[in-house]
Amino acid sequence: MALCPRRGAIAVAPVLDSEPPRAPALVGVALCVGGDAGYAPLSPATAEALHELLAGPRPKIVHHARDLDAALRRAGHALGGVAGDTALASFLVDPTKCIPHELERVAREYLQRALPTARDARGGAATFAEADPAAVAAWAVSSAVATEDLWTALVPRLDELDARKIHDDVELPLSGVLARMSADGVRVLPDVLASLQRDFGARRAEVEARVHELAGHPFNLGSSKQLGEVLFDELKIDVVKRNKTGYSTAADVLERLAPKHEIAERVLEWRALDKLINTYTEVLQRAIDPTDGRVHATFQQTAGASGRLITTDPDLQRTPIRTDDGRRIREAFVPRGGWELISADWSQIELRVLAHCSKDAALLRAFNERLDLHRQTAASIFDVVEAEVTREQRTVGKTVNFATIYGQGATALGQQLGVPRKRAQEMIDRYFELYSGVRAWLDRTIAEADANGYCETLLGRRRMIPELRSNNWQDRGYGERIAANTPIQGSAADICKLAMLQIQRELDARGLAAKMLVQIHDELLFEAPPAEVTEVVAVVRERMERCVELAVPLEVEVGVGPSWAAAH
DNA sequence: CGGTGTCTAGG
DNA sequence: CACCTAGACACCG
């Protein structure tokens with residue numbers, strides 16, 4: 001049986017209808033959407049047929065269960081009885097090996113088997129519906145059989161890594177939560193976006209005219225090559241930085257030129273507006289499903305090497321917030337009629353994870369006594385008492401606090417802060433004087449990763465780091481930064497996953513109508529009817545703050561409002 | 001048309 | 001040479 005909805009195909013091996021499955025306890029199911037991750041709306045008839053086909057008592061093994069689940073949910077069904085997800089298993093066995101863990105790639109790695117791709121199955125045809133049914137069926141069979149075989153191959157590896165529990169208790173149930181979020185979507189008002197786009201478009205046109213005037217002739221502002229020629233050949237502005245293909249016109253270069261050259265400032269303005277139009281107002285309007293006025297993003301669970309979730313189609317995690325113009329995009333994100341949006345985000349979760357892992361005395365004290373950590377760091381770097389730390393100094397303290405998480409060196413820190421490399425090195429030295437426990441933890445963690453070949457997160461998720469064994473010192477340095485960063489970033493991701501699971505269970509158990517809509521790494525967005533807001537806020541805060549017990553408290557900031565902009 | 005480079009958005 | 005990313009556009013072959 002091979003079913004073909006509008007976009008892509010749901011492939012369910014025909015052998016399962018006509019022959020006994022090869023392992024009686026398992027039913028392999030492969031869902032492939034045009035060869036991409038993602039979810040395709042199903043026709044009611046297709047969904048009905050699939051639902052019936054999958055309703056049997058046998059546990060199912062699915063590759064990307066989330067996609068199948070989301071597709072069924074949109075059609076009013078749910079996917080039950082999934083015992084294993086081979087994409088999640090592959091991700092847990094080695095997160096970076098087969099990114100994004102599509103079936104063909106995973107089967108090649110762990111079964112040494114070449115599968116026909118969705119593309120092969122389509123032949124020259126644009127859609128599965130127009131393709132040769134025999135080819136589609138053959139592809140469906142091989143995909144489903146491979147899924148079943150993969151599970152058999154991957155389970156011993158999961159057990160070896162002690163990762164079966166993470167699969168069963170965290171990642172697999174989370175895939176169901178993500179499917180619901182994707183199927184529910186978030187309401188976005190096209191009129192707000194259209195109005196913003198008109199405003200941005202008019203301003204972009206004005207700025208563009210001014211740039212052409214300053215240049216003396218029109219050119220394509222979107223081409224950094226042409227812009228470079230105008231700035232550095234024609235206008236003879238001093239070259240600041242070069243890249244592989246010529247002059248760099250990146251934002252940091254233009255910012256340096258802006259005080260003396262109006263054209264640089266205008267180009268920055270043009271780029272900001274151009275980005276907002278092309279990447280946000282236009283894309284989001286297109287992404288709104290006309291049947292429900294909502295945006296149904298995909299939450300990828302097997303794409304972030306550190307274990308983070310990734311949103312695509314559209315990429316909601318990169319919705320602007322830093323500039324006033326950008327933030328206005330968030331005014332278009334609203335709750336369903338009469339409801340409220342609730343935004344909840346962890347305060348400094350990664351630095352708290354660092355405090356927990358390192359047990360550094362100064363970090364523990366700062367968080368346990370609710371001190372201002374960035375101020376504390378700044379006071380040390382600038383050798384002043386905390387009360388005398390200026391706002392600029394505090395910003396530097398913040399930068400240095402984050403720099404350690406990333407393993408940033410003096411060169412890059414100096415560049416970022418606009419101070420000499422030597423001064424940056426002094427700051428780093430002062431940082432590690434104050435936080436000597438962090439230095440010790442970094443050294444210990446890197447040495448351990450070196451010995452083991454992998455690093456580990458709070459929940460015991462592993463990331464292999466082959467770079468640590470490289471003969472190339474640059475690769476080894478990269479491996480060391482991964483070894484230091486992944487436990488922090490990955491553990492924060494683990495915490496967020498646990499919180500999401502607990503919150504969804506609690507909302508269900510209490511029979512609340514409120515919905516979890518989007519995850520933005522350290523922020524969760526919900527919508528709730530007015531009567532539920534107080535209870536939902538309490539549940540969300542409680543679960544986010546207490547889903548794990550760390551050596552420092554987790555703090556959560558919650559906002560409620562009629563739009564994402566207002567709730568944040 | 002697919003691949004690469006540059007640039008910019010977020011945490 | 002700062003970690004994890006997605007995506008738009010220009011440009012090249």
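Residue numbers start from 1 in every chain, and the chains themselves are labelled A, B, ... in the order their sequence lines are given, proteins ahead of strands.
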Trainee: A:Ser182 versus A:Arg66: any side-chain heavy-atom pair under 4.5 Å?
Mentor: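 A side-chain contact is absent here, since even the closest heavy-atom pair is not under 4.5 Å.
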
Trainee: Going by an N to O cut-off under 4.0 Å, is there a salt bridge joining A:Asp443 and A:Arg439?
Mentor: yes

Trainee: Measuring from the side chain of A:Lys275 (C-beta onward, heavy atoms only), which nucleotide among C:dC11, C:dG7, C:dC4 has the closest atom?
Mentor: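 Closest of the options to the side chain of A:Lys275: C:dG7.
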
Trainee: Measure the distance from CG on A:Leu284 to P on B:dA9 and round it to the nearest whole Å.
Mentor: 15 Å

Trainee: Looking at every strand, decide which applies to A:Gln226 at a 4.0 Å heavy-atom threshold: base, sugar-phosphate, or nothing.
Mentor: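 The residue A:Gln226 makes sugar-phosphate contact but no base contact.
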
Trainee: Where the side chain of A:Tyr406 is defined as all heavy atoms beyond and including C-beta, which of B:dG10, C:dT5, C:dC3 is the nearest nucleotide?
Mentor: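 From the listed options, C:dC3 comes nearest.
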
Trainee: Quick one: is C:dC3 close enough that its OP1 or OP2 comes under 4.0 Å of any side-chain N or O from A:Arg481?
Mentor: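 Result: yes.
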
Trainee: Students often get this wrong, so: under 4.0 angstrom with heavy atoms, is A:Ile321 touching a base, only sugar-phosphate, or nothing?
Mentor: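 Contact class for A:Ile321: sugar-phosphate only.
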
Trainee: Quick one: look up who C:dG7 pairs with, Watson-Crick or G-U, both distances under 3.5 Å, and put none if it's unpaired.
Mentor: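 Base-paired to B:dC7.
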
Trainee: Heavy atoms only, 4.0 Å cut-off, all strands: where does A:Trp473 land among base, sugar-phosphate and nothing?
Mentor: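 Sugar-phosphate contact only.
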
Trainee: Regarding B:dA9, can its base be found pairing with the side chain of A:Gln317 as donor and acceptor, where the two atoms are less than 3.5 Å apart?
Mentor: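 A donor-acceptor contact between them is absent.
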
Trainee: May I have the distance from A:Phe219 (atom CZ) to C:dC9 (atom C1'), rounded to whole angstrom?
Mentor: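 It works out to 15 Å between those atoms.
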
Trainee: Only one of A:Gln502, A:Glu171, A:Gln301 passes side chain to side chain donor-acceptor pair (under 3.5 Å) with A:Lys497; say which it is.
Mentor: A:Glu171

Trainee: Hey, does the side chain of A:Thr319 come within less than 4.0 Å of B:dA9's phosphate (OP1/OP2), counting only N and O?
Mentor: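 For B:dA9, neither OP1 nor OP2 has a side-chain N or O of A:Thr319 closer than 4.0 Å.
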
Trainee: Side-chain contact, heavy-atom cut-off 4.5 Å: A:Leu363 with A:Tyr435?
Mentor: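 A:Leu363 reaches A:Tyr435 side chain to side chain.
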
Trainee: In whole Å, what is the span from the CH2 atom of A:Trp564 to the P atom of B:dG10?
Mentor: 11 Å

Trainee: Which part of the nucleic acid does A:Gln415 contact within heavy-atom distance under 4.0 Å: base, sugar-phosphate only, or nothing?
Mentor: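 Answer is nothing: A:Gln415 stays at 4.0 Å or more from every strand.
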
Trainee: If you define the side chain from C-beta out and look only at heavy atoms, does anything of A:Leu227 sit under 4.5 Å from A:Arg271?
Mentor: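 With C-beta onward as the side chain, the pair touches.
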
Trainee: Could you tell me whether A:Arg271 contacts a base, only the sugar-phosphate backbone, or nothing, with contacts defined as non-hydrogen atoms closer than 4.0 Å?
Mentor: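 Here A:Arg271 touches the backbone only, sparing every base.
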
Trainee: Mapping A:Glu282 and A:Gly304 to their closest nucleotides on DNA chain C, which lands nearer the 5' end?
Mentor: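 It is A:Gly304, whose closest nucleotide lies nearer the 5' terminus.
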
Trainee: Regarding A:Ala484, tell me which of base, sugar-phosphate or nothing describes its non-hydrogen contacts under 4.0 Å with the strands shown.
Mentor: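 Nothing, no nucleic acid heavy atom in range.
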
Trainee: Consider the side chain of A:Lys225, meaning its heavy atoms from C-beta on, and name the nucleotide among C:dA8, B:dG11, C:dC12 that approaches it most closely.
Mentor: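 Nearest to the side chain of A:Lys225 among the choices is C:dC12.
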
Trainee: Find the distance A:Asp325:CG to B:dA9:P and express it as a whole number of Å.
Mentor: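 So the CG-P distance, A:Asp325 to B:dA9, works out to 11 Å.
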
Trainee: Give none if C:dC1 has no partner; otherwise give the nucleotide forming a Watson-Crick or G-U wobble pair with it, both distances under 3.5 Å.
Mentor: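 In the structure as shown, C:dC1 has no Watson-Crick or wobble partner.
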
Trainee: At 4.0 Å (heavy atoms only), tell me whether A:Thr486 reaches a base, stays on the sugar-phosphate, or touches nothing.
Mentor: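 Touches nothing.
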
Trainee: Rounded off to whole Å, could you give me the CD1-to-P distance for the A:Ile446 and C:dC3 pair?
Mentor: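 My rounded result for the distance is 13 Å.
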
Trainee: Select from A:Thr312 and A:Gly477 the residue whose nearest nucleotide in DNA chain C is closer to the 5' end of that strand.
Mentor: A:Gly477

Trainee: For a quick test of reading the model, state the closest non-hydrogen atom pair linking A:His101 to A:Thr302 and the distance between them.
Mentor: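 So the two residues come closest at CD2-O, 3.2 Å.
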
Trainee: As a test of understanding, state which of A:Leu550, A:Val556, A:Asp522 forms a side chain to side chain contact (heavy atoms under 4.5 Å, CB included) with A:Ile349.
Mentor: A:Asp522

Trainee: Nearest to the A:Ala412 side chain among C:dT5, C:dC1, B:dC7, which nucleotide is it?
Mentor: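 Selected nucleotide (nearest to the side chain): C:dC1.
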
Trainee: Report yes or no: is there a donor-acceptor pair, N or O only, under 3.5 Å between the side chain of A:Arg308 and the base of B:dG11?
Mentor: yes

Trainee: For A:Ala493, answer base if it contacts any base atom (sugar-phosphate contacts may also be present), sugar-phosphate if it contacts only those atoms, and nothing otherwise; contact means non-hydrogen atoms under 4.0 Å.
Mentor: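 Touches nothing.
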
Trainee: Would you classify A:Asn220 as touching base, sugar-phosphate or nothing, given that sugar-phosphate means primed atoms plus P, OP1 and OP2, and contacts are heavy atoms under 4.0 Å?
Mentor: sugar-phosphate

Trainee: Choose from B:dA9, B:dT6, C:dC1 the nucleotide whose nearest atom is closest to any side-chain atom of A:Asn243.
Mentor: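 For the A:Asn243 side chain, the nearest candidate turns out to be B:dT6.
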
Trainee: Give one of base, sugar-phosphate or nothing for A:Thr245, where a contact means two heavy atoms less than 4.0 Å apart.
Mentor: sugar-phosphate

Trainee: Counting side-chain heavy atoms from CB outward, which of B:dT8, C:dT5, B:dG10 is closest to A:Ala305?
Mentor: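 Of the candidates, C:dT5 comes closest.
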
Trainee: Touch check for A:Arg463, heavy atoms < 4.0 angstrom, all strands: base, sugar-phosphate only, or nothing?
Mentor: sugar-phosphate

Trainee: Which part of the nucleic acid, if any, lies within contact of A:Ala250, taking any heavy atom under 4.0 Å across all strands shown: a base, the sugar-phosphate backbone alone, or nothing?
Mentor: sugar-phosphate

Trainee: Tell me whether the OP1 or OP2 atom of B:dG11 has a side-chain N or O from A:Arg322 closer than 4.0 Å.
Mentor: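 For B:dG11, OP1 or OP2 has a side-chain N or O of A:Arg322 closer than 4.0 Å.
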
Trainee: May I ask you to say what A:Ile482 touches in the nucleic acid, namely base, sugar-phosphate or nothing, with a heavy-atom cut-off under 4.0 Å?
Mentor: sugar-phosphate

Trainee: Quick one: the side chain of A:Gln489 and the base of C:dC4, do they pair up donor-acceptor inside 3.5 Å?
Mentor: no

Trainee: May I ask you to say what A:Phe402 touches in the nucleic acid, namely base, sugar-phosphate or nothing, with a heavy-atom cut-off under 4.0 Å?
Mentor: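 Since no nucleic acid heavy atom lies under 4.0 Å of A:Phe402, the category is nothing.
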
Trainee: Report yes if at least one side-chain N or O of A:Ser223 is closer than 4.0 Å to OP1 or OP2 of C:dC9; otherwise report no.
Mentor: no

Trainee: Begin from the C-alpha positions of A:Glu206 and A:Arg203 and carry the test salt bridge (charged side-chain N to carboxylate O under 4.0 Å, His left out) through to its verdict.
Mentor: CA-CA 5 Å; A:Glu206 276 175 40; A:Arg203 286 161 55 198; over 6 Å; no

Trainee: Considering just the side-chain nitrogens and oxygens of A:Asn278, establish if one lies under 4.0 Å of OP1 or OP2 belonging to C:dC9.
Mentor: yes

Trainee: What is the distance, to the nearest angstrom, from the CG atom on A:Asp345 to the C1' atom on B:dG10?
Mentor: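 In whole Å, B:dG10 C1' and A:Asp345 CG are 13 Å from each other.
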
